[in-house]
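Take a look at the structure set out below.
Here is the naming used below: chain letters follow the sequence lines, and residue numbers restart at 1 for every chain.
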Amino acid sequence: MSEPAIKVDQLGKSFGSREVLSHVSLSIPMGQTFALLGRNGAGKTTTIRILLGLLTPDAGTVQLNGINPASDPLKVRSQVGYLAEDQTMYGWMTPMELCRFLAPFYPTWDMDWARANLDRFEIPHHARIRELSKGQSVKLGLVAALAHHPRIVILDDPAMGLDPIARKEFNRDLVEHLQTSECTVLYSSHLLDEVEAVADAVAILDRGRIVRVGQTDLLREEVKQVLLAYDAAAGMPRPQGLLDVRRHDDRLAVVTDQASAYLEALSAEGIDHEVVDLRLDEIFEAYVIGRTQDWPNGSRSAAASA
Amino acid sequence: MNSLLWKQWRESKGLLAIFTAWMIAAAVYVVSYELGHRYHAAIGSFSTWAWFYGIVAAIFLAMRTARGEEADGTMSFTAALPISLRRSGAARIVGAVLTLVIPIVIGASLFSLALASGLIEQAAPRTPLGPAYHRLLERDLAPFTTSLEQLWSVAAIAIFGGTQLLLILSLVGCWLRNQAQIGFFGAVLWLGSFLASDLLWYGQPSEISQFIYGVLFPQSLVIHWGYGGFSDIPGSYTDHELVGYRWPALGLAIPLLALVGYWFVRLYGKEKSLSVSTKPRRIRLAIPPLLSHVGLHFRGRWMALLWLELRQSLPLVAAGFLLTVLITVAGVLMERGHHHSFGTEVLMGLPGSVFFVGMLWASVVGSGLYSADLSNGLGGFWRSRPISPSMWFWSKFMIGLVAVLTVLDGITTLVSWNAPRESPTTGMSWAYVGCFPMIHTLMYTLAVLGTCWLRRPVVGGILSILGYALLSVAISAFPQTVDFDPINIYNHLLETERNGHIDFSQHGYPLIYGLLSFSIILFALLASRLARPLQPKYLSIPLAL
Amino acid sequence: MYYYCVLFVVADSNSMYLRIERGSSTPISRQIAEQIRAQCLSGVLKAGHCLPSVRQLAKQLVVNVNTVVRVYERLAAEGLVEMRHGEGTFVLPPPVAKEVKAELRLQRDQFAREYQAVVRHGLLLGLTVPELRRMLAAAASDEREQISKDNGAEKSS
């Protein structure tokens, strides 16, 4: 039980001269719901494809339930449920045909469960898949991914293209089925509000590198925005986890990680300051597009430049 | 509008270069062959090459014209520009026609140079009532101006024929869902054109009726007669015959073609589906999925794959067989003297149709079966399941091949075995059984290889046909090797069989067909390697093509 | 007195009203905890009421199951609810004076901070102190009426 369900160590991948992933490391314990956040092109889909053995990494190791997908891809895929963004399926098949086709490939396939959930999602059993609506086909993809009761579920931006109501239902199903059955769930998403509510931990992937990993609630404790006078800030050393600096006349708005250390230092010096709690999307923004150039120069800087 | 045309030019440059190179090569080849053999039949040869080129170019260009923007994803961009979509459609179709026409003109010009310089000469044109009706070799040489006119006639006919196919396919493409369907339709139309050509020439129709047919169907203004396999002369040559009122026919064909083009532009302008949706927007054969209600249970992975591949291949193969039967029936109907019952005549004629339709259709099935599963979308679907890629490849390969051979060759052999065997082109034979399943397998494998390599639906199939054609041409070019052409071997074997001997050790059969089997296995193994990764490492065809 | 959760799950579990604001600066766990706490202390959730199971609440609010677990655990630590293994989570009778005082003080401090912020906001908006006092008086009388009406309605049900 101590072995993490998904373990990624110093993963690297390049396409030609373009380095898409670099030194990516993740450790996802069993039963955790883990969200991979990142802009388009940050490398989320590439990471997921490597996890499934669809691509081979140039560097680093990957393990799912102790199995290496590069050497044993079929075994990994039989234990993992996968739903891709914009999943394409054979348009001429019907949902029942699809389930019947997939069943022999998974030793743990549960046909009754599949049928019951097709009904629950109101997916017609015998209509051609190309005639289903977008929401129905995503749900069908979910049924096909989960019918073999996998211990690990990987979802690549699954709610893309769904309308808000379908998205909420999708998240509800995620919570109801997956989190209650001790599944390990890895999913990538842009919808930070929903991620925050549902994920145990998040990782922020930016340009192929993991810039932050942590539990969702702790992240909000550790990353804060501090408002203080410009001159007061100039007199203090630069905080270790500085992410973003904005100057407003004579005030400075500083977003920093490990905020508690900085706040203690400020209180010790008796500097007047205001602490603002940040939403997850603001934290994400700070990590990905934060600028620190406006930090006052000539300060007793202790950290190297960002 | 100018900038639209310029954009069209930029997009078509690569294709135009390739097509021009092809026609230049064809012209050079034809002239060289003529220099070598001096049959004075170079124009006929050029005409067949131009015709073949016209078909392939038309299919290719139609795919890009009707569905190119959708495939490239630029549809919504173009639709949002402040130019009417009609104009964009007009620019596209004009660009496509030019891309098809210019190479033929260049090739014909080269040929004209050869004629003008006296390098080669052409025999007198074949007329139904003139002297020496059948033997080209016994005809006088034609004067320069006549030959020039003949050359430009066949060039113009190829141009019009290709353009007509291009326009019709582009128009139909507005109603089809994707590029692969357009290619499929193109193959069907091509076979249909064989039919139509035969129809229009048979029974010595009057000049007026030929004229009318010519307006509707320019390609029928010329007919080719292939002569080869003579014991006294090596190689082969192509004679051609032109309709009398061909130029007026072509002239009248222009407004008809313009009408089709205009219709396309109007339809294109109404292009509402701005996204590559998976939903069909129009008339589709809405066959309800009845089989889904049959509660099959697969006892293992191979059974599931068997079902999948049968479901995908059987409809395709059945369509090919149907087409073959139609062609045979049409051929029988056009026959003037009927010595047997209708059914018997059909059975007699079936092998003749199946052998060459089978070659085309084996390619169609091979590329069709593989192209969908190799696309990014479906590829991601089955590759993310515990389906081993080699299991997927080989089950698809074997089942598709068995389907093609069983339905096309197997059924034909079965039903036609006892039909009278009167001439080289009617009735079954052991030679057929020994040769054509192998040739069909070769075409199928080449198409699979092409599709696994290039990951594009129609290009892979076209590559296989082209590959075989080039191989055939190369072998037949030299008198020493001409007997090694697989179809020539079949002809020899058939001849001896009709004379009473059945001997497969003769005529180079073991060597050539052994080589064939070996290559088939090699190609299949290569294809399976190429099909392994999700995205090929060496993506060779740029998107513009 | 305590009720078996399983008998009343249909009736009781639907009667807790919670609203969470996604994307707010306040963490979701804190929002849930505060609302449940307020409902317990104000008597909307009566003693012995069975709270929805962790899974049910997570599903209803579409939040992580662990988040709900943490909220329930926190409330249990504060003495507001009791988690009975196998039966459910039940609201406890209002805690004894000492705990009430501590908890109440915390709540009142929080309230004082919020009150200060509101007053500051009002001053920045240009309201004068007499205007603020008038608004306070009016609001107080309105709300007091409303609360007594609510209490009266509850007492009769």
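- No more than 12 heavy atoms of other residues, nucleotides or ligands shown are found within 6.0 angstrom of CG on A/Asp272.
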Next item on the list: Test C/Arg30 against A/Asp277 for salt bridge (Lys or Arg N to Asp or Glu O under 4.0 Å), laying out the working first.
Entry: CA-CA 13 Å; C/Arg30 206 193 309 167; A/Asp277 286 336; 3.8 Å; yes

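- Between chain C and the options A/Asp200, A/Asn171, A/Asp281, A/Leu278, heavy-atom pairs under 4.5 Å are most frequent for A/Asp200.
- At least one side-chain heavy atom of A/Asp217 sits under 4.5 Å from a side-chain heavy atom of C/Arg70.
- Taking a 6.0 Å sphere around CZ of C/Arg108, one finds it holds 12 or fewer heavy atoms contributed by other residues, nucleotides or ligands.
- In this structure, C/Arg22 CZ and A/Arg279 CZ are separated by 14.5 Å, a value rounded to the nearest 0.5 Å.
- Checked by atom type and distance alone, the side chain of A/Arg172 pairs as donor or acceptor with a backbone atom of C/Lys59 at under 3.5 Å.
- For residues 245-259 of chain A, the salt bridge (Lys or Arg N to Asp or Glu O under 4.0 Å) pairs, not counting sequence neighbours, are A/Arg212-A/Asp257, A/Asp244-A/Arg246.
- The 12-atom threshold is not exceeded at CD1 of A/Ile165, counting heavy atoms of other residues, nucleotides or ligands nearer than 6.0 Å.
- Note on C/Ile20, C/Val65, C/Ile28: by heavy-atom pairs under 4.5 Å with chain A, the leading option is C/Val65.
- For the atom pair C/Gln60 CD and A/Glu176 CD, the distance stands at 12.5 Å (nearest 0.5 Å).
- Summarising the local packing, CD of C/Glu114 is surrounded by more than 12 heavy atoms from other residues, nucleotides or ligands at distances under 6.0 Å.
- With rounding to the nearest 0.5 Å, the separation of CG in C/Asn64 from OG1 in A/Thr33 is 5.0 Å.
- Residues A/Arg220 and C/Pro27 approach most closely at NH1-CA, 3.7 Å, considering heavy atoms.
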